[in-house]
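Below is one structure, written out as structure tokens; the observations come after it.
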There are 2 protein chains.
Amino acid sequence: MRPTSSDAGRGRAGMSDVAQLAGVSIGTVSNVLNHPARVSGTTLERVQRAMTMLNYTPNVLARSLAAGNSPILGLVLTDLANSLFIDIARGAELGAEAASMALMMSNSDGRLDREASYIATFAQSRVAGVLLTLNDEQHYGELVGRTPPDTPIVVLNYAAPTTHFCSVSVDNEHGGYLATRHLLDIGRRRIAFVGGPEALRPVRDRERGFVRAMREAGVTPALELMPDGVNRADGYAAGVRLAELVSRAEVDAVFAATDLLAAGIAQAAESRGVTIPADLAIVGYDNNHAAWDSPIPISTVAQPGEEMGRRGVEMATAETRGGPHEHGATVLTPTLVVRRSTTG
Amino acid sequence: MRPTSSDAGRGRAGMSDVAQLAGVSIGTVSNVLNHPARVSGTTLERVQRAMTMLNYTPNVLARSLAAGNSPILGLVLTDLANSLFIDIARGAELGAEAASMALMMSNSDGRLDREASYIATFAQSRVAGVLLTLNDEQHYGELVGRTPPDTPIVVLNYAAPTTHFCSVSVDNEHGGYLATRHLLDIGRRRIAFVGGPEALRPVRDRERGFVRAMREAGVTPALELMPDGVNRADGYAAGVRLAELVSRAEVDAVFAATDLLAAGIAQAAESRGVTIPADLAIVGYDNNHAAWDSPIPISTVAQPGEEMGRRGVEMATAETRGGPHEHGATVLTPTLVVRRSTTG
DNA sequence: CTCCCCCGTTGAAGCGCTTTAAGACGAGCG
DNA sequence: CGCTCGTCTTAAAGCGCTTCAACGGGGGAG
């Protein structure tokens, strides 16, 4: 074994090196780092000088081990290609920065096994908490069982029953209501809804909002389409059908459950001579890049992804610190973004 | 202080608990984990049973501290919104999985200070290595100085001089050449190039490929545009100019240095009655979602982002393990993806 | 001038694990 | 029957840091 410090062997100065150079004890060096107030001005300065001289970098591993806590948060993202999750990541990053925590992101691609494996990895690293984005109840159910009991988990984008975890989600029903209300407000009455597979809970919720708004206005939905997917291609197919109905004056607006869907619809409709928004007003959902990058910018319902990430971090750190903890479900409110697809 | 294991205090079993339950020493438990061959069959089984009974989760922190190595790799991404970096992240994740390492991703948004701060954070966590995506030489230069000497760094997406780091990059010159060659091959001769700010090295390289291909073919470029940015809006502006030239039969094809640029050009051109690809053939660069999601799918040059990530991980782990290490610069080859914007 | 208290500082114990030198034990050999 | 050898197992020494009981020394109060 080497004499004192093994990191030193790798060219790295350790706390003991700093202590020696500054002529103080190792405990004092630690105090400089963690409780500067306890150290006298002179000593503090001397130690700090020694640190910079040696280019001292504290070892977080040792620190966490000794202190019994970790400065790292884990984040499991469902789908890196979806801009909502990118927003969540950004927000989480900001929140982590504010709480001076590091964020360890990873991407499950929606696969349950990877979700579980990342959670396990995080648990082994004794992270302070894990933020988990989720889409459907199947995954939620699976995860409830397998989860290590001592790691605080915050579920994002899914309104978890508060029994097991904290959660932060967005009110999809309200979003659907907003979108539909907007179409009604600009005078449309023959409104169609294009949704997606029944399994997707967010889509179902958006539809509920649609239905509520229509009922409130005493208007009957012109059509409800439920494609197998929620991507551009599915939208295109739906758009072809809609274009026909538009030409027969049976439809004058559509609320699509995702922006990709909306973009596909817009493309199909335009290629068939339908004018947007004159003949057909369109509202999408997600505030995806696809929406504002579309030839005709599409009105949409924006999810507060960043805030979701930020709040998630807050809840996780709160749970870590606080003694007795109530799991709480925060529900955020989406906002309507009006673009050319619904305004002259 | 608590008697033996403090993790136990938090409800977690430690190695000593396992040892006690299995009736062996703590060292034997460690051997079960790290050198199963040294342990007799009977003991091994008994210990393993004890582990599952106690739901034992090894503490990676303590493990790394004692063993002096880390199972974590850091990855600093320049821009989460750019699909190239998402691909890199995916590849790195796969590579890490294969090397049974954990990956800690983070997003610098192209800001130098955040890059530096993440590198510092990673260094404090004594990660095994850091993968750093980079765009321009300014950042590269800055970083060379500030970098902790003992953490292996692999630069991605930028051909670093091999003096300081390993790097994995893509041959942008060749990509530009491929794109231009393709336009020439389909019979176009009045070819324009739309680039971007001089500072962006990748864009400059793509232009060099363009120039080489044109020279080889003995064709004079119809026009070279250098907008201030490389986004859709910049493309739209360029497209307006191009449309006019097309109508005067001065341009029949364009190579845009990014897909967003290309998408903007396509949109502007179409809105001005230019038919794609008949009047104007377009090739973009990046294989961005924007490209295949465009109303007219745009031909593009695809960067092997996943492979870049994977190779980066390999180089990092190699550098970590291997004793004497040569920094090497790997250069990958991009490929042409032909879509409707260049075929009838 | 003494006593006490507080401020700064120290030394040692310990975080959960790996590693290694040394020990225990049975088998095989002369 | 004693000895060597090899196989398993153990005890103890760290890894770099935090924490805390204890300590020393000044200054204010008496």
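Here is the naming used below: chain letters follow the sequence lines, and residue numbers restart at 1 for every chain.
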Scoring nucleotides 21-27 of chain C by protein non-hydrogen atoms under 4.0 Å (B base, S sugar-phosphate only, - none) yields -------
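- Each of B/A67 and B/V24 lies near DNA chain D, and the nucleotide nearest B/V24 is the one positioned closer to the 5' end.
- Taking 4.0 angstrom as the limit, B/R38 places none of its side-chain polar atoms (N or O) nearer than this to OP1 or OP2 of D/dC8.
- Which of D/dC8, C/dG11, D/dT19 sits closest to the side chain of A/S25 comes down to C/dG11.
- In this structure, the CG atom of B/L33 is 8 Å from the P atom of C/dC17, given to the nearest Å.
- Atom CG of A/N31 is separated from atom P of D/dA21 by 14 Å (rounded to the nearest Å).
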Open item on the list: Between B/R311 and B/E306, is the salt bridge (Lys or Arg N to Asp or Glu O under 4.0 Å) condition met? List the steps.
Closed with: CA-CA 9 Å; B/R311 295 286 274 274; B/E306 280 210 16; over 6 Å; no
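- Each end of the helix from C/dC1-D/dG30 to C/dG30-D/dC1 gets its own axis from five base pairs, and the two axes differ in direction by 60°, given to 10 degrees.
- Out of D/dC17, D/dT9, C/dT18, the shortest distance to the side chain of B/T43 is found at D/dT9.
- If you take CD1 of A/I26 and P of C/dG14, they are 16 Å apart, rounded to a whole angstrom.
- Toward the 5' end of DNA chain C, the nearer of the two residues A/A37 and A/L65, judged by each one's closest nucleotide, is A/A37.
- Look at CG on A/L54: it is 14 Å from P on D/dG16, rounded to the nearest Å.
- Of the possible polar contacts, one joining the A/T320 side chain to the A/A316 backbone as a donor-acceptor pair under 3.5 Å is found.
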Under 3.5 Å, sequence neighbours excluded: what are the donor-acceptor pairs made by side chains of residues 77-85 of chain A?
residue, atom, partner, partner atom, Å
A/T78, OG1, A/T133, O, 3.1
A/T78, OG1, A/T133, OG1, 2.6
A/D79, OD1, A/A81, N, 2.9
A/N82, OD1, A/L84, N, 2.9
A/S83, OG, A/N288, OD1, 2.3

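- With salt bridges taken as basic N to acidic carboxylate O contacts below 4.0 Å, one links A/D109 and B/R90.
- The residue B/V29 sits apart from the nucleic acid: no heavy atom pair falls under 4.0 Å.
- Between B/T28 and D/dT9 there is no side-chain polar atom (N or O) within less than 4.0 angstrom of OP1 or OP2.
- Distance from the side chain of A/A66 is smallest for D/dC17 among the nucleotides D/dT9, D/dC17, C/dT9.
- Taking atom CG of residue B/N59 and atom P of nucleotide C/dG14, one finds them 18 Å apart after rounding to whole Å.
- Between the side chain of B/N34 and the backbone N or O of B/S30, at least one donor-acceptor pair lies under 3.5 Å.
- The separation between B/R126 atom CZ and D/dG16 atom C1' is 9 Å, rounded to whole Å.
- Here A/S40 reaches the OP1 or OP2 of C/dT9: one of its side-chain N or O atoms lies under 4.0 Å away.
- Under the 3.5 Å distance criterion, the side-chain polar atoms of B/S125 are matched with a main-chain donor or acceptor of B/T121.
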- Message: Could you walk me through whether A/R114 and B/E93 satisfy the salt bridge (Lys or Arg N to Asp or Glu O under 4.0 Å) test, starting with their C-alpha distance in whole Å, then the side-chain angles of each, then the deciding distance to 0.1 Å, before giving a yes or no?
- Response: CA-CA 11 Å; A/R114 297 194 60 176; B/E93 215 163 15; 3.7 Å; yes
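- Taking atom NE2 on B/H35 and atom P on C/dT18, their separation rounds to 8 Å, with Å as the unit.
- Each of D/dT9, C/dG16, D/dC17 was ranked by its minimum atom distance to the side chain of B/V39; first place goes to D/dT9.
- Checking B/R12 against A/T151 by side-chain atom types alone, a donor-acceptor pair falls below 3.5 Å.
- Taking atom CG of residue B/N34 and atom P of nucleotide C/dT18, one finds them 4 Å apart after rounding to whole Å.
- For A/Q20, the CD atom is loosely surrounded, since the number of other residues' heavy atoms within 6.0 Å does not exceed 12.
- With respect to the salt-bridge test (charged N to carboxylate O, under 4.0 angstrom), the residues A/E45 and A/R49 qualify.
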